[in-house]
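Structure first, then comments.
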Amino acid sequence: QHLAQHRQLQQGTIDRCLDSQHQRLATALEARLATGGATRLGRVVIDLGLVTETELARALAVLHVRPLVELDPASLDADAARALPRDVAERLVAIGFAWRGSRLAVAVADPGDSGDLAELRARSGADGLEVHIAPEGQILAALEATWGAATATVAMRPVEAVQEDAETVLLVDRLLI
């Protein structure tokens, strides 16, 4: 009987924790909807303090099976950093950080849109890309170190695919539990 009571208490604690985490995720989804979908869910959960940029980057790296990289603006290959046109790099929150032969190693904050990756490859002039994940703040700092202060604020793009939001919801849900 003691064991049954212990399990019941344990399950009650787990249920309360899950309810709390799901409530936070629902709050994030509502906040995203309040922006008209113009802000990515990942940015919303960061702004709400549910995860850090680094935690989100780490989780995206695992989800998309991509390496996580820490960017140090002082150690960027200048030619690689300028391989992408500034407007493209700022819009897609991406930066080249090294050349590997004719392939460009590029850090992105969110690799979820294959169209964005195709554009990065086409606009870089590289034969191929080695896509890495980095926290958005590190990429923005590297862009500023490369190009100077941004002439325009980096715009968050509307998320067009429901699939991407679904993957992010599952990812954030896993982070919160």
Side-chain angles (χ1 to χ4, degrees), residues 6-73 76 84 88-95 97 105-117 119-120 129-146 149-150 152-177:
H6 178 70
R7 285 187 182 165
Q8 187 176 22
L9 284 172
Q10 186 178 34
Q11 187 61 47
T13 302
I14 290 170
D15 289 344
R16 283 190 301 280
C17 181
L18 288 175
D19 286 345
S20 172
Q21 301 304 338
H22 286 115
Q23 183 65 5
R24 288 190 218 170
L25 186 55
T27 300
L29 290 169
E30 288 173 16
R32 182 179 181 279
L33 288 174
T35 70
T39 305
R40 290 186 177 273
L41 184 58
R43 171 61 19 209
V44 172
V45 297
I46 290 168
D47 290 346
L48 289 174
L50 300 178
V51 298
T52 66
E53 281 189 1
T54 301
E55 289 169 333
L56 182 61
R58 187 176 300 120
L60 286 170
V62 169
L63 179 68
H64 292 282
V65 192
R66 303 277 187 186
L68 181 68
V69 66
E70 284 202 30
L71 295 177
D72 175 9
L76 293 179
L84 296 169
V88 172
E90 288 178 343
R91 180 170 45 84
L92 300 181
V93 191
I95 191 164
F97 62 90
V106 61
V108 298
D110 184 354
D113 189 335
S114 60
D116 288 352
L117 297 179
E119 182 179 359
L120 287 174
L129 297 178
E130 291 181 17
V131 180
H132 298 252
I133 311 298
E136 181 177 324
Q138 289 181 14
I139 294 172
L140 295 176
L143 288 171
E144 185 171 333
T146 299
T153 304
V154 174
M156 298 309 285
R157 298 167 289 123
V159 178
E160 297 173 5
V162 174
Q163 178 66 27
E164 181 179 327
D165 262 359
E167 289 176 3
T168 304
V169 167
L170 291 172
L171 172 68
V172 171
D173 197 35
R174 288 183 192 137
L175 283 172
L176 295 174
I177 294 176

Test side chain to side chain contact (heavy atoms under 4.5 Å, CB included) applied to Ala105 - qualifying residues, sequence neighbours left out: Phe97, Ala98, Arg100, Glu130, His132
Nearest-0.5 Å distance that lies between atom CG in Leu117 and atom CZ in Arg66: 6.0 Å
Closest approach of Ile133 to Ala61 (non-hydrogen atoms, all atoms of both residues): CG1-CA, 3.7 Å
Those residues that, when tested against Asp47, pass side-chain hydrogen bond (donor to acceptor under 3.5 Å, both in side chains) (two or more places apart): Arg43
Value rounded to 0.5 Å, distance of OG1 in Thr146 from CD1 in Ile139: 11.5 Å
With sequence neighbours excluded, residues passing side chain to side chain contact (heavy atoms under 4.5 Å, CB included) with Val88: Pro85, Arg91, Leu92, Glu119, Leu120, Arg123
Stepwise side chain to side chain contact (heavy atoms under 4.5 Å, CB included) check, Val108 with Val131: CA-CA 7 Å; Val108 298; Val131 180; 3.8 Å; yes
Test applied, side chain to side chain contact (heavy atoms under 4.5 Å, CB included); reference residue, Pro135; option that passes from Thr54, Leu140, Leu71, Leu60: Thr54
4.5 Å side-chain heavy-atom contact, Val106 and Ile95: no
Partners passing side chain to side chain contact (heavy atoms under 4.5 Å, CB included) against Glu70 (at least two apart in sequence or in another chain): Gln138
Minimal non-hydrogen separation, Ala57 against Ala134, with atom names: CB-C, 3.9 Å
